[in-house]
Every structure is written in structure tokens, then in C-alpha cells.
There are 2 protein chains.
Amino acid sequence: MPGRSTIQQVARSLGVSPSTVSRAFNAPHLLKEETVSAVVATAERMGYVPNLHARALVTGKTGLIGLIVPDITNPFFPPLVRAAQRAAETRGLSVMIAETNSLPERERAHIASLAPHCGGLIIASSRLTPEELRHVADSTRVVLVNNDTEGVARVLISSASALTEGIHALVARGARRFCYVGGPHRSWSEFERRSTLEQLAAELDLDATYHRDESGTYHEARMMTATVDCETDAVIAFDDVIACGVLDGLSDRGLRVPEDMALLGCDDALPVQTRPRLSTIRLRAAEGVTEAVRMVTEATGSTVDEERVLLPGVLEFRETT
Amino acid sequence: MPGRSTIQQVARSLGVSPSTVSRAFNAPHLLKEETVSAVVATAERMGYVPNLHARALVTGKTGLIGLIVPDITNPFFPPLVRAAQRAAETRGLSVMIAETNSLPERERAHIASLAPHCGGLIIASSRLTPEELRHVADSTRVVLVNNDTEGVARVLISSASALTEGIHALVARGARRFCYVGGPHRSWSEFERRSTLEQLAAELDLDATYHRDESGTYHEARMMTATVDCETDAVIAFDDVIACGVLDGLSDRGLRVPEDMALLGCDDALPVQTRPRLSTIRLRAAEGVTEAVRMVTEATGSTVDEERVLLPGVLEFRETT
DNA sequence: TCTTGTCATGCAAACGTTTGCATGCGACGG
DNA sequence: CCGTCGCATGCAAACGTTTGCATGACAAGA
């Protein structure tokens, strides 16, 4: 009968004290080698597996890290949770996942329920205010992903430089009138992409109009495409699923991509390919969240030192530009 | 200063015993109403939040449920983890997630590491042998999703009846030569879909050939499509991302869908739409995993009673058939 | 031989809860 | 006025670990 058996049973069965068994795993250098091997052998035989709760209780280290994401069905996030899980795994940690549906309400609730029990929290694309975030970061280990609030550790999976490059390339090919189809409000990525275009539009004296697909879904984007000016030279979409909606929306209107209008997406996380193949910005999401896990686990105090890592994406011109 | 404060501090600050504070939350009917409200008030004020580990230690209930999935980047799974998380949330539980990459090795490891600390385990699309699964189900609460091993509780998100219906409809329209493009080995869903076609092919005297996209990716499917016989009347794809690969693969070869060849996918979980719109089978994945959560939490003993729930999908003919 | 030191192990407290049992108190029936 | 009962609360043990400190054995140095 394998499974649950305590450190005490192992100890008794060996005629040693529980401390010895504990040390055999946590501080083997304190014990005679033969003792260690004897302990691990019987522990193995008896199917002993340490009770994490008991350990957490005494050490204060829970072995858990919480990951909060707005919308797991958005293809940007699954690779991110995968990477988080892998990174945690290599450190012997497990990850608890929570989804907020982009609702600050739910985000708050999940933070409150996860924070006390996790060694650290990774919050992706937070919709909370800087004050609020700083406040939670005051009492628990937090690293933000794609949220640039000063004073708290954060990793930014950035598209700005690649987008700048892309817009310049588009302009070089004669584009003057741009249209940005944005994603969710209060998202840092949305802000970054939109303001990159705004800034360049000002600098280069471009025409730019702005739309928004609040839900971030293909269908809303496709519907909304009906309202984009047909004189537009290039559409910049917040992400690839919105870009796909736009692509099909344009096609609905008989507009050809890229001949009539160029289209640039973002993320490069779609499980399928479009035709024509979507130009996009490849983001270093997995890398970013791996870094986040590192930061949150390497924190020494009850809080993680401010650090701001920025991972620029890379422009991937394919067939829609 | 909010955050960590123990039951004892709350008790002391009120001049009552820790038991009273505990009962105020867990068994309020044992206390005077005014005591209860006094306790919750100061607990709130002091930012008290129960330590789950301490609780788990004494009660043996951990408040965690583990969810094991093969590949979270496959669009079938995110809605499933979302549903699991929601269902858990309504019961005051959290879910720990682990990804196996379809490797039995990793699946075993995750089961071993999760099982001892979770109240229950939901294993989706397990690649383990029936014996192995029964063995783990012997000592821990397990419910399988999309794996039909007898003797352990399971919910099957089934496509058989819808697929049968779809094949009949295709045959009625004159299709005789079918090609099945399968997904991962050892997957129950794969087995179900393939054998549905096999059986119908025998019954109705159809021609059927079988291919496999082991990785389940768009690209492999698209490549492999080069090998499907151009006389084929209809392609049945294991899932929608494979179907998309096939769709584009056929187009690469100058074959039109549905004129030259019909195409039927499965899952209806793609974040985007194809053109022509993919015919598929809408699976009740969210519903299924919600049920799984119910089963795993309502189990009374240290094991969950065998129960086999089967949720038939619904056929969704769109433009590729 | 005695001291000193090192090395391996045991003892017991502590972590923050829950919960069976005991206790004290007031009310009520006789 | 006493006995009994029920109700609200307190006491203390228990859950399975980790860890600072104590202890014992044994070796080496004096």
C-alpha cells in the first residue's frame, strides 16, 4: 500500500528519530552517508512523501506560486502558463492558476485568495490601478507581467520597437493613413501599441484613426471592420486574433490584403495560419514569464525588489504587408 | 498593515479563545450571533485570513484540486481549464495545473507530485495504461476526462454520435471515399473518432484511409496533406487545428473545399474563423469538466465512486461540407 | 587520564488550525 | 430551593513537519 505515510512512521520503522528522517532529505550533509541511504531506502519502500502543508506551516515556504491571467482562451496566454509551469517545476514548485476575465473585481478577489497561500504571485496584464498594485506588492511577493507600474517588479513583453520598425517599413512603402484596432482598455500592451502609433503619427505626420475591440474576439473585430475607412493604407491590430477578424472583415467588404490595405498583427501565437500569412510581431512571452518566475522565487524578503525587465519583440513581415 | 494575522491574535484582541474565532467561521450556529459578528468584524479589521496549510494539516482537506492536461496550447484545453477553475472557485477551491506534453513520463511525475497534496485530481486525456490509472485511482480521488478506463470515474466528451451523423450526411451527399487524419496516439478521443469511421466504413461499405498528425499541429497536418489521395471525397480531421492544416494543405494542391473534397473538423474551439467556415463538431468540454469537478469534490471516501458520464457533441455543418 | 572538540543524532518546541470534551452559567420544571 | 438541562465558550490535543539546542560517543591532543 503506497501513498500516505508520515515521517514518524518511517522513523519508527528505522529506529531513528523523525529529525533524522527530515534531515536525510533536507540536510543530508549532517548525517552519515549510510544513515542517509538507509532512510531514503525505507522512505521509498514505505511510499513516504512529505506533507507539503505541514512543511509550509513550519517553514513559511509554501512551494506554490500563483499565476493570474485575464483570459486563458486568448492564444497569447497558454504558452505563458506553460512556460510558468515549466519554470516552476524546475524549482520544485507548483503553480496555481486563476483567471480574471479582465474584471478588476475578479482580479482583486483572486489576489486576495491566492496571495496568503502562495510564495509569490505573477500577475499578467493586470487591470488594477498602480496604487492598488503597489499596495499588494507591499505585503506579498509580486511580479507583474505586461504592466508597467513603477515601484513593483515587472517584466514587459514589449512590441514597441518592433512596431516602430514595422510602421517605418510601411511608411517607406508609401503608407500614410493608418488605422489602429485596439484591444482591451486598461491593458498596458494596448497602451504601448497605441501610443507607439500615436507618437509615430505625430513625428512622421501620418493620418491615424483608432478603433477598439474591447472583447478581443475575432467576431467583434470582424464586425467592427465595417467602420474602417476604405482609404486606409495599413491597419495595425492589437493582436493576431483581432487581425484575423480584420482580415476577414476586409475581405467581406471586397478589400484585398495586402494590395488594398496592409495589415499587421501582434503575438504570433495563433495555432493556425491565415491566408495570406499574417504579418505580426513575435513576442517573447515564454521567456518573459520564465524571468518572472525567477524573480519571484529568488526574492529574499517578503517582497521582491523592484526590477524592470523589458523584452523587445521581433517584427515578422509575412504576406499581409 | 493588512495581510497575515493569526487566529490567535484575533482571539486575544477580542478576549476570546481561538476556538471561538475558528467557530465563528466554520460553525457559526454554535455561537451567539453577537459573538459571531464581533469576531468577523475584528477579523476583517485585522486582515485575518485563515492559513490554509494549517487547516489542511488538521482537517486533511487541502482545498486544492489538480488538473493535468497534455497540451495547454491546443485550443481545446483552455476553455476546459477555465471551466475547471470556475467550478472549483464556486466551491472555494483552487486549482493547480500541470501539463504533460503528452508524455506518459511527465504525466506520471505530475500525478505523483500533485496527488498527495490535492483533494482530488482531474486528468484530461490521460496517456497512461488502464492498470496504471486504476492503481492511482485506488489511493487518490481521480476523475478522468476523455479516457474510458473501466473502474475509475470518468467523463467523456464524446464526438461519436455527432460524427456518425456527419458521416451519414456526407454519404447521403454522395461521399464514398473517406480519409481520416488522426491526432495523438493513445488518446481516447482519437480512438473514438477513428473507430467511429472504421465501423461506419464497414457498415456502409465505404472506402477509408487513415493518416496521423502525431504532434497535433497545423504545420504537420498541412505537410501531411500532400499524401492524401486526390480522389478522396471527404476528410475527417481529429480536431480543428488539424482540419485547418488540411484545409490549407488542400488549397496548396489546388483542391477546393468543399467542391472537390469535404472537410469535417472537431472541437469548435478555434479563436478565429476559417474561410470557408469549417464544419465541425461542437464539444461540451466546459460542461464536462464542470461535471468532473463536481464528481471529484463530492466524493466521500478517499476515492471517487465509479461513474461514467458521456456528453455527446453536436454536429455543426458549415461551409466545408 | 583528562580535556577539548567534532560529529551524528535525539529532544522538544513551534507553526496555525480544528475539534472532542469539559466547564460554567442561566433558566426552567418540580 | 434544588436538580437538570442546554447553551455558549474555553482547554488542550492533534495534524506532520523543521530546527535550535542538548547529548552522547569517540578521537585526538596534552
Side-chain angles (χ1 to χ4, degrees), chain A residues 2-40 42-43 46-64 92-94 113 115-119 302, chain B residues 2-40 42-43 46-64 92-94 113 115-119 302:
Chain A
R4 46 277 340 215
S5 109
T6 80
I7 215 177
Q8 323 227 25
Q9 300 175 310
V10 175
R12 200 165 322 131
S13 137
L14 248 91
V16 303
S17 87
S19 338
T20 302
V21 178
S22 174
R23 283 192 265 255
F25 293 107
N26 306 317
H29 59 278
L30 292 181
L31 264 38
K32 268 204 303 225
E33 264 195 36
E34 58 206 52
T35 315
V36 172
S37 46
V39 168
V40 306
T42 47
M46 301 181 61
Y48 167 70
V49 26
N51 181 321
L52 288 200
H53 303 290
R55 173 180 303 177
L57 188 52
V58 47
T59 62
K61 327 247 77 205
T62 68
L64 299 177
L93 306 174
S94 305
S113 86
H117 319 300
C118 292
S302 75
Chain B
R4 46 275 340 214
S5 106
T6 80
I7 216 177
Q8 325 227 24
Q9 299 174 311
V10 176
R12 199 165 322 129
S13 139
L14 248 90
V16 302
S17 88
S19 340
T20 301
V21 178
S22 173
R23 286 193 262 257
F25 293 107
N26 305 318
H29 60 278
L30 292 181
L31 265 39
K32 268 203 304 225
E33 265 195 35
E34 59 205 54
T35 315
V36 173
S37 46
V39 169
V40 306
T42 45
M46 299 180 64
Y48 166 69
V49 28
N51 181 321
L52 288 200
H53 304 289
R55 173 178 304 178
L57 189 53
V58 45
T59 62
K61 324 249 80 206
T62 67
L64 299 178
L93 308 174
S94 304
S113 87
H117 319 300
C118 290
S302 75

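Every chain is numbered from 1 and lettered A, B, ... according to where its sequence line falls, protein lines coming before strand lines.
- Here B/L57 pairs with A/N51, A/A54, A/L57 under the side-chain contact (heavy atoms from CB on, under 4.5 Å) rule; sequence neighbours left out.
- Contact check of residues 21-32 of chain B against DNA chain D (heavy atom, cut-off under 4.0 Å) returns B/R23, B/L30, B/L31, B/K32.
- Residue-level contact check: B/S19 touches the bases, meaning some heavy atom is under 4.0 Å from a base atom.
- The side-chain contact (heavy atoms from CB on, under 4.5 Å) search around A/V58 returns none, not counting sequence neighbours.
- With rounding to the nearest 0.5 angstrom, the OG atom of B/S19 is 11.5 Å from the CG atom of B/N26.
- Nucleotides of DNA chain D nearest to B/T59 and B/G15 differ in position, and the one nearer the 5' end is that of B/G15.
- The CZ atom of B/R55 sits 11.5 Å away from the OG1 atom of B/T62 when rounded to the nearest 0.5 Å.
- Only A/T6, A/I7, A/Q8, listed by number, bring a heavy atom of residues 6-13 of chain A to less than 4.0 angstrom from any atom of DNA chain D.
- What you find for B/F25 and B/V40 is that their closest heavy atoms are CE2-CG1, 4.1 Å.
- Nucleotides of DNA chain C that come within less than 4.0 Å of any heavy atom of chain B span, from the 5' end to the 3' end, C/dG16 to C/dG20.
- Taking CD of B/Q9 as the start and OG of B/S5 as the end, the distance is 5.0 Å to the nearest 0.5 Å.
- Here A/L64 contributes atom CG and B/H117 contributes atom NE2; the two are 9.5 Å apart, rounded to the nearest 0.5 Å.
- Atom CG of residue B/L30 and atom OG of residue B/S22 lie 10.0 Å apart, to the nearest 0.5 angstrom.
- The NZ atom of B/K61 sits 14.0 Å away from atom CG of B/L52, with the distance rounded to the nearest 0.5 Å.
- Sorted by first and then second residue, the salt bridge (charged side-chain N to carboxylate O under 4.0 Å, His left out) pairs involving residues 10-39 of chain A (not counting sequence neighbours) are A/K32-A/E34.
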